[in-house]
Visitor: 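Dropping the structure in here first, questions after.
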Amino acid sequence: MSDQDDQLYAMRHSLAHIMATAVQRLWPEVKFGVGPVVQDGFYYDIDLGEAKISEEDFDKIEAGMRQVIESDVPFERFEQPIDEAIAWARDSGQPYKEELLNDLKRDGTTVAKDLDATELGTIAEGQAHVENVSFYKNGDFVDLCRGPHVESTGKVGAFKLMRVAGAYWRGNEQNPQMQRLYGLAFATPKELRQHLDMLEEAKKRDHRRLGQELDLFVFSEMVGSGLPLFTPRGTVIRDALLGFSEELQRNNGFEKVFTPHITKQALYERSGHWAKFGDELFLVKSQETSDQFVLKPMNCPHHIQIYASRPRSYRELPVRYMESTVQYRDEKKGELNGLSRVRAISIDDAHVFCALEQIEAEFTNIMNMIKDMYSVFDMKFRARLSFRDDSEGYLGDPAVWEQAQQTIEDVAKKLGLNYTVVPGEAAFYGPKIDIMVTDALGREWQCATEQLDFVQPERFGLTYIDTDGKEKRPVMIHKALLGSVERFLAVYIEHTAGRFPIWLAPEQVRLITVNQEEATTGFAAEIAAQAKELGLRLTVDNSNESVGKKIRAAELLKVPYTAVIGEKEISSREVVPRIRKDVVVQDEPRAIGIEEFLKTVANEAKTRVTKTSL
RNA sequence: GCCACCUUAGCUCAGCUGGCUAGAGCGCCGCUUUCGUAAAGCGGAGGUCUGGAGUUCGAAUCUCCAAGGUGGCUCCA
């Protein structure tokens, strides 16, 4: 961390205390939880019992905060023996602080199991035996806190309270729910302004909004939440994305398979998913048999059945099956969100069955596809190597894990990936590489993934006959390049602000007729027929509107190429294409023969270029 | 599921502290116009104000319940 980061951290943290001070003055009975620094700001968890804070109270609280800031009182640090601190918490009616202190005393840490490090969690860093704990005092407000803080309440930058949200004490559903007050904080008003502008831009690019404006997908209350319906325009993009993924995979040794969308529950009992994720499966009832069916939430057990359908030789390995299909998961209602989280999920899924010593080649193969794919999307990514830690609950031989993790890291190194190792993030069945993609607004999303699985081959008793004639156990690799197509689309719509590259644009060329005379519309129809033969998505707008208005309509739909068709074009058989500004290289529009124009665009679509040569 | 907020025409929104047949722009339909690179003109249709109950002489407006949505929390094979 740089000094500047330290300063920003201290400032944000101090603002959390200042907000708490203001809240306590307004609601003296408030009970405090934790108030850490988060990305772009801070929050504080509070419990007001029956009373609730709403966003309407923000003016009041902000005014209170400004008062504290203007008073410019120092943040004073002092220490207390832990037992005295516990007594303080009890006496001042702060049961949450008391609980934290008791944990601190007992465990030397406040980090509850399954809980990320919090502000207080780091208090005890490197001190297993806690004797003293530190407090910070600003004016009449005292808080248990590791710090650091700025010197005085006047030394904070620009802030703005953003929202109030519910949050369970220590992130556990069984615990009481507190209110979390979020604030943004930056060193200067200018940076705050910039951040608010970014949020504004993000709102404009929101895929739910653009999905409607660009006519890509809809929801229907009668169909159900989390079940998007794709319009013709949206379906063009879906198909193009999946087609791209399949093309990459086919070129890299994957074979397409197909499996039905329902299966007997027994399959998932065997795979172990029923025990772990049973409540997320949609149940399907047969009226003919007594079998219990489920909608498939994933494909691995199905692909396993294909692999297991006959004995396999080492000569066949690796076996690579791909299937881009819809999977169904009954997500909780509060989790659904536009296309980012749906209940019918299309995944460009694939499974590799291979020998242990083939892992390196297979991981490399898949990672190369990921690199190819995201360079076409013009998106940067980094790899998160999710490895095991020392805790229990990982299945399989630790020595094999160790070796596999080493192999995976070697692959990442060899390919020159920007990667980080994250211990403790592995799935229980194996280590994995998650790809974090950065969008145009600098936000990170998990898209592609590549996961090793030692467990399912075991559970299903998969084998192959090795060179020595003996049965061996293969390992499995799960992979997705796009991940969920719906979520990828959400990310990509926001990344491009709906300005899709030529190969993905639902409508690649739009012809605008100057008038509705036979000669004009006939000529446009002639061009449309040629375009169709070239596989182009071209439409003709010969509605009875002004040329200006029709151009505007095409602009709003973000069509990459527009051409006006009138007398001039009919006689010269040339057009002056209007090119969307993110695609264009030279800004002097120039005339081009219609045939050449169409062929060029068709070629650009085929080669998936992001800039035009026109 | 929990907390906060939101829900008025296909879309975006107005409708002040409760008061005549609920408005606008865009879109849609019709007519006029036959037009040259981001909005031609005129006319029309379209709303049981998300649903239900209540308070009131009177409810889009206030209260309660429900549904859907948004932002979080939680979870994520």
Side-chain angles (χ1 to χ4, degrees), chain A residues 38 43 45 47-48 52-58 114-115 162-182 199 203 206 208-209 212-213 215 218-222 224-226 268 271-281 296-301 327 329 331-338 341 345 347 349 427-430 432 434 446 449 451 453 455-456 478 480 484 487 510 512-521 542-557 562-569 575-579 589:
Chain A
V38 291
Y43 70 77
D45 283 349
D47 181 358
L48 284 177
K52 292 277 181 274
I53 283 181
S54 81
E55 282 165 30
E56 284 170 24
D57 298 316
F58 282 2
D114 303 321
L115 188 72
M162 288 307 284
R163 60 179 60 96
V164 55
Y168 296 101
W169 170 236
R170 315 194 104 175
N172 184 338
E173 247 175 293
Q174 309 304 317
N175 286 338
Q177 185 160 34
M178 311 186 68
Q179 286 191 288
R180 179 166 295 177
L181 305 184
Y182 279 97
L199 292 179
K203 215 167 148 189
D206 188 313
R208 290 165 300 196
R209 173 184 176 148
Q212 183 184 291
E213 284 175 10
D215 187 23
V218 295
F219 287 92
S220 156
E221 248 181 70
M222 289 184 87
S225 52
Y268 285 96
S271 71
H273 293 115
W274 179 257
K276 217 167 149 62
F277 304 108
D279 57 341
E280 284 186 39
L281 302 196
K296 68 175 173 186
M298 56 183 59
N299 300 302
C300 16
Q327 306 169 191
R329 295 176 194 176
E331 306 280 4
K332 288 184 200 154
K333 261 193 72 195
E335 297 175 331
L336 301 172
N337 175 292
R341 198 68 185 257
I345 314 154
I347 295 183
D349 205 6
F428 69 94
Y429 50 77
K432 56 180 180 173
D434 288 323
Q446 198 218 298
T449 184
Q451 316 186 346
D453 189 341
V455 172
Q456 289 201 57
H478 308 254
S484 150
R487 190 182 44 197
R510 179 173 287 200
I512 289 170
T513 57
V514 166
N515 57 42
Q516 293 180 297
E517 276 158 20
E518 184 66 37
T520 320
T521 56
N542 55 21
S543 60
N544 181 15
E545 298 289 353
S546 66
V547 171
K549 188 164 183 175
K550 292 200 269 191
I551 284 172
R552 182 177 148 80
E555 289 273 351
L556 290 175
L557 277 174
T562 313
V564 175
I565 302 296
E567 254 173 69
K568 255 192 302 185
E569 288 74 20
V575 288
V576 182
R578 215 186 136 90
I579 305 171

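Throughout, protein chains are lettered first and strands after them, A, B, ... in sequence-line order, and every chain is numbered starting at 1. Since we're looking at a predicted model, the values are computed, not measured.
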Visitor: Starting at CG of A/Asp206 and ending at P of B/U70, how long is that distance when rounded to a whole Å?
Guide: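 The answer, rounded to whole Å, is 9 Å.
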Visitor: With a 4.0 Å limit, can you tell me whether A/Tyr43 has a side-chain N or O closer than that to the phosphate oxygens OP1/OP2 of B/G72?
Guide: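 Negative; the distance criterion is not met.
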Visitor: Going through the checks in order, is the side chain to side chain contact (heavy atoms under 4.5 Å, CB included) test met by A/Asp349 and A/Gln327?
Guide: CA-CA 10 Å; A/Asp349 205 6; A/Gln327 306 169 191; 3.5 Å; yes
Visitor: Consider the side chain of A/Tyr182, meaning its heavy atoms from C-beta on, and name the nucleotide among B/G72, B/A77, B/G68 that approaches it most closely.
Guide: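 Between B/G72, B/A77, B/G68, the one nearest the side chain of A/Tyr182 would be B/G72.
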Visitor: Categorize A/Glu213 for me: base, sugar-phosphate, or nothing, with a 4.0 angstrom heavy-atom threshold over every strand shown.
Guide: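 Contact class for A/Glu213: none.
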Visitor: Of the nucleotides B/A77, B/A40, B/C11, which one has an atom closest to the side chain of A/Glu280?
Guide: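 Selected nucleotide: B/A77.
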Visitor: Taking atom P in both B/G41 and B/C26, what distance in whole Å separates the two?
Guide: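 Each nucleotide's P atom is 9 Å from the other's.
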Visitor: State the pairing partner of B/A4; accept Watson-Crick or G-U wobble contacts with both distances under 3.5 Å, and report none otherwise.
Guide: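 Result: B/U70.
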Visitor: Looking at B/A77, B/A40, B/A39, which one has an atom nearest to any side-chain atom of A/Arg329?
Guide: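 Of B/A77, B/A40, B/A39, B/A77 is nearest to the side chain of A/Arg329.
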Visitor: Among B/G71, B/U37, B/U12, which nucleotide sits nearest the side chain of A/Arg208?
Guide: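 So the side chain of A/Arg208 is nearest to B/G71.
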Visitor: Closest nucleotide of RNA chain B for A/Leu556 versus for A/Asn337: which of these residues is on the 5' side?
Guide: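 Residue closer to the 5' terminus by nearest nucleotide: A/Leu556.
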Visitor: Let's see if you can work this out: which of B/G68, B/A77, B/A39 has an atom nearest to the side-chain heavy atoms of A/Pro297?
Guide: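 Selected nucleotide: B/A77.
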Visitor: Please assess A/Glu280 against A/Glu331 for the test side chain to side chain contact (heavy atoms under 4.5 Å, CB included), listing each intermediate value before the final yes or no.
Guide: CA-CA 6 Å; A/Glu280 284 186 39; A/Glu331 306 280 4; 4.0 Å; yes
Visitor: When the P atoms of B/U48 and B/A4 are compared, how many Å lie between them, rounded to an integer?
Guide: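 Here B/A4 and B/U48 have their P atoms 31 Å from each other.
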Visitor: Calculate the interatomic distance between A/Asp215 atom CG and B/C28 atom P; express it in whole Å.
Guide: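 Going from A/Asp215 (CG) to B/C28 (P), I get 12 Å.
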Visitor: Within a strict 4.5 Å, meaning less than it, do heavy atoms of the A/Thr520 and A/Asn542 side chains meet?
Guide: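 Result no, sub-4.5 Å side-chain heavy-atom pair not found.
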Visitor: Say we look at B/C13 and B/C31: how far apart would their C1' atoms be, to the nearest angstrom?
Guide: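 That atom pair is separated by 29 Å.
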Visitor: A/Gln212 has an atom CD; how far is it from atom C1' of B/G27, in whole Å?
Guide: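 So the two atoms are 12 Å apart, to the nearest Å.
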Visitor: Using a cut-off of less than 4.0 Å, is there contact between a side-chain N or O of A/Lys549 and OP1 or OP2 of B/G27?
Guide: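 Checking B/G27 against A/Lys549, a side-chain N or O does come within under 4.0 Å of OP1 or OP2.
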Visitor: Counting side-chain heavy atoms from C-beta on, which of B/A77, B/U34, B/C73 comes nearest to A/Asn515?
Guide: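 That would be B/U34.
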Visitor: Both A/Arg180 and A/Glu567 contact RNA chain B. Which one's nearest nucleotide lies toward the 5' end?
Guide: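 This one resolves to A/Glu567.
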Visitor: Regarding A/Glu517, tell me which of base, sugar-phosphate or nothing describes its non-hydrogen contacts under 4.0 Å with the strands shown.
Guide: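 Sugar-phosphate contact only - A/Glu517 comes under 4.0 Å of backbone atoms but never of a base.
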Visitor: For nucleotides B/A9 and B/C5, find the distance between their C1' atoms and express it as a whole number of Å.
Guide: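 About 24 Å, rounded to a whole number of Å.
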Visitor: Would you tell me if any nitrogen or oxygen in the side chain of A/Arg578 comes within less than 4.0 Å of OP1 or OP2 on B/A38?
Guide: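 It does, given that an N or O in the side chain of A/Arg578 lies less than 4.0 Å from OP1 or OP2 of B/A38.
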Visitor: Within the 4.5 Å heavy-atom criterion, are A/Arg208 and A/Asn337 side-chain neighbours or not?
Guide: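 The answer is yes; the side chains approach within 4.5 Å.
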Visitor: Between A/Ile512 (CD1) and B/C35 (P), how many Å, whole number?
Guide: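 Interatomic distance, CD1 of A/Ile512 to P of B/C35: 16 Å.
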Visitor: If we call it a pair only when both distances are under 3.5 Å in a Watson-Crick or G-U wobble match, what pairs with B/A40?
Guide: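 Because both required distances fall under 3.5 Å, B/A40 counts as paired with B/U32.
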Visitor: Check whether the side chain of A/Arg341 and the base of B/C76 form a donor-acceptor pair under 3.5 Å.
Guide: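 Indeed, a donor on one side and an acceptor on the other fall under 3.5 Å apart.
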Visitor: Rounded to whole Å, please give me the gap between CD in A/Glu518 and C1' in B/U34.
Guide: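 Atom-to-atom, A/Glu518 to B/U34, this comes out as 14 Å.
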Visitor: Students often get this wrong, so: under 4.0 angstrom with heavy atoms, is A/Lys550 touching a base, only sugar-phosphate, or nothing?
Guide: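 Touches nothing.
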Visitor: Side chain of A/Val514: nearest nucleotide among B/C35, B/A38, B/A77?
Guide: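 The answer is B/C35, which lies nearest to the side chain.
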Visitor: Any idea which of B/A40, B/G36, B/U12 is nearest the A/Ser546 side chain?
Guide: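 In terms of side-chain proximity for A/Ser546, the closest of B/A40, B/G36, B/U12 is B/A40.
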Visitor: Can a donor-acceptor pair be found between the side chains of A/Glu545 and A/Ser543 at a distance below 3.5 Å?
Guide: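 Short answer, no.
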Visitor: Could you work out, with ring-ring contact (aromatic ring centres under 6.0 Å, His included) as the rule, every residue matching A/Tyr182, not counting sequence neighbours?
Guide: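 A/Tyr182 satisfies ring-ring contact (aromatic ring centres under 6.0 Å, His included) with A/Tyr43 only.
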Visitor: Please report the shortest heavy-atom distance between A/Pro301 and A/Tyr268, naming the atom on each side.
Guide: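 The answer is CG-CE2, 3.6 Å.
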Visitor: Would you name the heavy atoms of A/Gln456 and A/Cys300 that are closest together and state the gap between them?
Guide: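 Taking every non-hydrogen atom into account, NE2-SG, 3.7 Å.
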Visitor: Could you check whether A/Gly566 gets within reach of a base, just the sugar-phosphate, or nothing at all, counting any heavy atom under 4.0 Å?
Guide: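 Base contact.
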Visitor: Using the P atom on both, measure B/G51 against B/C35 and round to a whole Å.
Guide: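 One P to the other, the span is 49 Å.
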Visitor: For A/Leu181 and B/C5, what is the distance between atoms CG and P respectively, to the nearest whole Å?
Guide: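 About 13 Å, once rounded to whole Å.
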Visitor: With sugar-phosphate meaning primed atoms plus P, OP1 and OP2, does A/Phe428 contact a base, only sugar-phosphate, or nothing at under 4.0 Å between heavy atoms?
Guide: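 A/Phe428: no heavy atom of the nucleic acid under 4.0 Å.
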Visitor: When all nucleic acid strands are considered with a 4.0 Å heavy-atom cut-off, which category describes A/Glu331: base, sugar-phosphate, or nothing?
Guide: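 Contact class for A/Glu331: none.
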Visitor: In whole Å, I'd like the distance from the CD atom of A/Glu545 to the C1' atom of B/C42.
Guide: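 Result: 13 Å.
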Visitor: When you measure from the side chain of A/Ser225, which nucleotide among B/G69, B/A40, B/A39 comes out closest?
Guide: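 In terms of side-chain proximity for A/Ser225, the closest of B/G69, B/A40, B/A39 is B/G69.
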Visitor: Just the atom pairs and distances: protein N or O near nucleotides 30-32 of chain B's N or O, under 3.5 Å.
Guide:
unit_1: B/U32; atom_1: O4; unit_2: A/Asn544; atom_2: ND2; d: 3.1

Visitor: When you compare the side chain of A/Lys550 with that of A/Arg510, does any pair of heavy atoms fall below 4.5 Å?
Guide: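 A/Arg510 does not reach A/Lys550 side chain to side chain.
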Visitor: What's the closest nucleotide to the A/Glu569 side chain, out of B/G71, B/G36, B/U37?
Guide: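 It is B/G36.
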Visitor: Return yes when atom CD of A/Glu567 has more than 12 non-hydrogen atoms of other residues, nucleotides or ligands closer than 6.0 Å, and no otherwise.
Guide: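 No, CD of A/Glu567 has 12 or fewer neighbouring heavy atoms, counting only those of other groups under 6.0 Å.
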